[in-house]
2 protein chains.
Amino acid sequence: MKYNGKKYTSLWFENGIAKIIDQTLLPEEFKIIDLRSSDDIIDAIKSMKVRGAPLIGVAGAYGVYYAFKESGDDHQRLNNKITALKNARPTAVNLQFAVDLVYEHALNSNTEDPSEDALFKADELYKSEIKACKRIGEYGYTILRELNNNGSVNVLTHCNAGWLATVDHGTASAPVFEAVSRGMDIHVWVDETRPRNQGGKLTAWEYYHEKISHIVVTDNAGGLLMQNGDVDIVITGADRIALNGDTANKIGTYLKALAAYDNNIPFYIAAPISTIDFGILSGKEIPIEIRSEDEIKFEKGVPLTHTPSPALNHGFDITPARLITGFITEKGIFTAEQLKGLKKI
Amino acid sequence: MKYNGKKYTSLWFENGIAKIIDQTLLPEEFKIIDLRSSDDIIDAIKSMKVRGAPLIGVAGAYGVYYAFKESGDDHQRLNNKITALKNARPTAVNLQFAVDLVYEHALNSNTEDPSEDALFKADELYKSEIKACKRIGEYGYTILRELNNNGSVNVLTHCNAGWLATVDHGTASAPVFEAVSRGMDIHVWVDETRPRNQGGKLTAWEYYHEKISHIVVTDNAGGLLMQNGDVDIVITGADRIALNGDTANKIGTYLKALAAYDNNIPFYIAAPISTIDFGILSGKEIPIEIRSEDEIKFEKGVPLTHTPSPALNHGFDITPARLITGFITEKGIFTAEQLKGLKKI
């Protein structure tokens, strides 16, 4: 998508090097940095220079390429690197999925340099993620078109599930981009999404540069907006979806799903099939990352709380399937009950 | 209550001058300032140097004293000042209630100097607010005692309804202070409460100085904490309660009430009877204040969002009566249905 009128993806591979937009510097600074090793990839994921479940997956995939290159014939070393990549962040399943996919492909190859097979597979994943998000946009657009109410639709979203969180198009944002490109009048309420404010910083930045109507609100505001009839649909991304449809996403998503349910507003999860964890039956099995309390206490060193008081920083919560109207994927729109019928890709 | 071991109230009248703790400087700086005119009072309310529905009421009461002193025989001038006081903030009803109470008392007096009658009535209100909060604590304590679960109770609260928001004891905090003073083991989850972070800054500061176990969390986190069984009860304050029990309180309260309901956790409003607006039938009639978008965008000049994007800052939302287990008042604990039976004091 566009920044200052020029097209970008959030990550790309060029001349043997993975390049990313450093998302910790946005929106103040647009800086492209090189990730030149598996350690660079791990560091970028942990520090959230790359973030968003689908993008973390693709970053991890290129990490496997580096891991093969760095390990030569040392299988123990390779194994350790693969494990470290998969553990860089615990909640999103896309990372583990992508790392396994690329790793197994390269391991089973018969060529002399398995790192080249890993790179081939990572490139393939990169392209398929872009295509998947484009398809999510097209399917999601059909929902927005149906809601079309006096020619305009008000969407509420939480966190950043935009193109920065994927490689391009985004997940929750893809239907918005698609609908606007087809001439629909869409307005987006953007939850700021504490403590990292990925909504207020990144989603707002994306919509601003795509010239899409949007307003930032506190995470507290969505309930009132829905009570007031100012929200037609809620769309968020997902970090991991259990087989029963329970969905882990950025902390606070559950509260918005409750409010949507209470106000008879459709609540959709937009995510590629790779976000479904076919190995777990319900949300209870999804591990929830706990991050540093300093993310709550400070913004660039400025205290936001009474800092001698402790803070606790869970990164995600679980939205029960019963609150989710449907899942917008690259294969179509499904209810929670239909997820079991899908196949791992 | 205590700051650094010394007892304070959040406002007091001494040698002809109303004194307050400037709440915009907390928790970094503890500064007492003088309010020497009705304009000073209005400015302090608008800028949130004094805040919290019950405290705003008492501040407004002393404002009426100043208004009489400043107006002499000029009734038009007096009227304008009274109107300005009542309009300093629109959502809390206590302000209008207190200003009317003191104004009418002084108007109807037969003494030579009605300002002295106003001062007498303001002092009376000051004392009765302290007593009311103490009683709220005692009634609320009985609820906490019943919940007593292996000797400890986990409370979640939103915003600051502590002693800083009243004159002393607080409303939502009063049951906690009372229970801890009686030896109960209480832990409090403190919502940071964006955009002004009165929870993370003021409530945390209060509990810290009262040595009460507490942890600050983002406004997004309460749902997960409840899903995890880490919350036994939610208690918040209120800015205005309609006759049917619908309650206006700091934005985001509604989302916590939904989560409490979804997890079978009792949700109580703690507020003095003066918070009930006997003139309105439901929450739909309560005006919701919209504050500056800069409260969302900046913290001490540091940007928190992509600042070229617009933001919208509603101050309050309405929690429907059906989600409220009960109202803890100075007259006892009531259900929404019982509110109509109460009398304006």
Side-chain angles (χ1 to χ4, degrees), chain A residues 26-28 158 189-195 197 199-205 207-208 214-225 227-228 250-256 258-259 261-262 288 293 296-297 299-314 316-318 320, chain B residues 26-28 158 189-195 197 199-205 207-208 214-225 227-228 250-256 258-259 261-262 288 293 296-297 299-314 316-318 320:
Chain A
L26 287 174
E28 286 88 7
H158 191 67
W189 297 106
V190 178
D191 277 2
E192 58 175 356
T193 320
R194 287 274 298 149
N197 282 13
K201 289 182 174 177
L202 305 181
T203 304
W205 178 87
Y207 285 139
Y208 182 86
H214 66 288
I215 294 179
V216 176
V217 291
T218 63
D219 302 313
N220 284 324
L224 178 74
L225 294 174
Q227 287 176 318
N228 286 350
K250 176 55 39 85
I251 190 129
T253 303
Y254 166 50
L255 296 172
K256 294 302 138 61
L258 283 168
Y261 191 84
D262 199 47
I288 303 287
E293 65 174 346
I296 296 179
K297 291 181 168 187
E299 176 76 19
K300 297 198 171 66
V302 173
L304 301 176
T305 65
H306 176 247
T307 53
S309 296
L312 183 60
N313 184 13
H314 286 101
F316 304 87
D317 63 18
I318 307 291
Chain B
L26 289 173
E28 286 86 8
H158 192 66
W189 298 107
V190 178
D191 277 2
E192 58 175 357
T193 320
R194 286 277 296 151
N197 282 13
K201 288 182 175 177
L202 305 181
T203 304
W205 178 88
Y207 285 141
Y208 182 86
H214 66 288
I215 293 179
V216 176
V217 291
T218 63
D219 303 313
N220 284 324
L224 178 74
L225 295 173
Q227 287 175 317
N228 287 350
K250 177 55 39 88
I251 190 131
T253 302
Y254 167 49
L255 296 172
K256 293 304 140 60
L258 284 168
Y261 191 83
D262 199 47
I288 303 285
E293 64 175 346
I296 295 178
K297 291 180 166 188
E299 176 76 19
K300 296 198 172 66
V302 173
L304 301 177
T305 65
H306 176 248
T307 53
S309 296
L312 182 61
N313 184 14
H314 286 101
F316 303 87
D317 64 17
I318 308 291

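Note that this is a predicted model, so its numbers are computed, not measured. Letters go in sequence order (proteins before strands), and every chain restarts at 1. As a basis for the values below, the full set of heavy atoms in this structure was taken, side chains included, without hydrogen atoms, waters or symmetry mates.
- Contact of B:Y261 with chain A is not made at all, since no heavy-atom distance falls under 4.5 Å.
- Per-residue heavy-atom pair counts under 4.5 Å with chain B were compared for A:K297, A:K300, A:H158, A:E192, and the maximum is reached by A:E192.
- Residues B:V216 and A:S309 come closest through the heavy atom pair CG2-CB, 4.2 Å.
- Between the A:Q227 side chain and the B:I318 main chain, a donor and an acceptor come within less than 3.5 Å of each other.
- Of the residues considered (B:K256, B:K250, B:H314, B:R194), B:R194 shows the highest number of contacts with chain A, using heavy-atom pairs under 4.5 Å.
- For B:V302, the part lying near chain A is the side chain, with the backbone staying farther off; criterion is any non-hydrogen pair under 4.5 Å.
- Nearest heavy-atom pair, B:L255 versus A:A259, reported as atom, atom and distance to 0.1 Å: CD2-CB, 3.7 Å.
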Subject >> Test log, rule side-chain contact (heavy atoms from CB on, under 4.5 Å), inputs A:T218 and B:I296 >> reply: CA-CA 7 Å; A:T218 63; B:I296 295 178; 3.8 Å; yes

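- Remark: A:N220 engages B:D219 in a side chain to side chain donor-acceptor pair (under 3.5 Å) (not counting sequence neighbours).
- For a residue to count as touching a neighbouring chain, one of its non-hydrogen atoms must lie under 4.5 Å from one of that chain's; by this rule B:L225 touches chain A with the side chain only.
- Within the 4.5 angstrom heavy-atom criterion, only backbone atoms of A:F316 (N, CA, C, O) approach chain B.
- In this structure, the side chain to side chain donor-acceptor pair (under 3.5 Å) partners of A:D262, at least two apart in sequence or on a different chain, are B:Y254, B:R322.
- Listed options A:L304, A:D317, A:N313 were ranked by heavy-atom pairs under 4.5 angstrom with chain B; first place goes to A:L304.
- Contacts between B:E293 and chain A at a heavy-atom distance below 4.5 Å are absent for every atom of the residue.
- Neither the backbone nor the side chain of A:L26 comes within contact range of chain B; no heavy atoms are under 4.5 Å apart.
- Smallest separation of non-hydrogen atoms from B:E299 and A:P303: OE2-O, 3.8 Å.
- With a threshold of 4.5 angstrom between heavy atoms, B:L202 does not approach chain A through any atom at all.
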